[in-house]
Amino acid sequence: MLDTAFFHRWLTTAAAAISREAARLTDLDSAIGDADHGSNMQRGFTAVTEALEKEPPGPPGAVLILAGRQLISKVGGASGPLYGTLLRRAGKALGDAEQVTVRQLADALRTGVDAVAQLGGAAPGDKTMLDALFPALDALATDGGSFAAASEAADKGALATVPMLARKGRASYLGERSIGHQDPGATSSALLFAALAEVASS
Ligand code: ADP
Ligand code: MG
């Protein structure tokens with residue numbers, strides 16, 4: 001079972017990973033965007049960890065809703081509302097349960113990612129964060145709920161964005177010139193799943 005402490009550790013571990021990789025995320029975004037994905041994500045996840053320190057710990061769903069709200073209000077780029085929606089919708093799906101199963105988290109994340117697809121109007125293959133998120137969720141569903149398998153699938157999904165033509169977001173303005181670069185948002189999504197796998201294995 002996954003409790004509130006697990007969700008805290010996931011988000012703080014994710015924040016640390018994003019800080020560590022911020023320069024790389026910004027480099028990727030400078031190739032096919034506006035060079036702010038690292039700083040956007042860092043600002044958002046710093047706000048998440050600060051909010052978690054201040055607020056009394058609620059159930060897992062409340063932790064995700066709190067984090068999502070921070071991302072939506074603190075990040076100016078497209079990724080803030082998208083990741084914020086993911087976490088908020090996943091948190092809502094978890095409801096008030098004090099502990100949740102891996103399956104419940106997987107289902108909640110699916111609800112959140114579906115909401116991201118709806119909000120951004122993107123589909124798999126459009127060279128966005130969805131190209132890491134959907135494979136991760138599929139691996140989580142088929143491999144009997146292994147976060148390690150989900151993390152590996154997210155990494156592969158992020159790598160698979162390199163030859164894709166961007167159809168959504170700023171990268172789509174580049175048309176054919178978006179080909180040959182890894183999508184920054186798919187890369188940060190892989191970091192979020194790597195953090196989940198790290199926390200689950202510790
Ligand atoms: P911005 O593009 O506003 O500068 P960021 O640089 O923080 O925002 O985030 C860019 C990332 O957001 C992209 O790499 C992509 O993965 C994701 N993204 C952009 N638009 C969409 C969309 N419509 N649907 C899903 N993901 C998107
Ligand atoms: Mg950007």
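We count ligands from 1, going down the list as the structure has it; atoms in each ligand are counted the same way. Numbers here are sequence positions counted from 1. Everything numeric here is computed off the predicted structure, so don't read it as measured data.
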Notebook entry, point to check: Okay, side chain of Asp126, backbone of Thr128: is any donor-acceptor separation there less than 3.5 Å?
Noted result: no
Notebook entry, point to check: Got a donor-acceptor contact below 3.5 angstrom from the Ser189 side chain to the Ala132 backbone?
Noted result: no
Next item on the list: Report, as yes or no, whether the 6.0 Å neighbourhood of atom NZ on Lys156 holds more than 12 heavy atoms from other residues, nucleotides or ligands.
Entry: no
Next item on the list: Check whether more than 12 heavy atoms from other residues, nucleotides or ligands sit under 6.0 Å from atom CD of Glu21, and answer yes or no.
Entry: yes
Check: Run the side chain to side chain contact (heavy atoms under 4.5 Å, CB included) check on Leu165 and Lys127 step by step: do they pass?
Finding: CA-CA 7 Å; Leu165 175 84; Lys127 196 180 182 101; over 6 Å; no
Item checked: Set of residues that line ligand 1, where lining means a heavy atom lies under 4.0 Å from it -> Asp29, Asp34, Asp36, His37, Asn40, Gly77, Ala78, Ser79, Leu82, Gly120, Ala122, Thr128, Met129, Lys168, Gly169, Arg170, Asp183, Pro184, Gly185, Ala186
Next item on the list: Please note down the angle at the Mg ion (ligand 2) between OD1 of Asp34 and OD1 of Asp36, to the nearest 10°.
Entry: 80°
Check: Of all the N, O or S atoms in Asp29, which one sits nearest to the Mg ion (ligand 2)?
Finding: OD2
Checklist line | Verify same cluster id: Leu28, Leu174 (apolar side-chain graph, 4.5 Å) | finding: no
Next item on the list: Show which residues join Met1 in its hydrophobic cluster (side-chain heavy-atom contacts under 4.5 Å, direct or indirect), or state none.
Entry: none
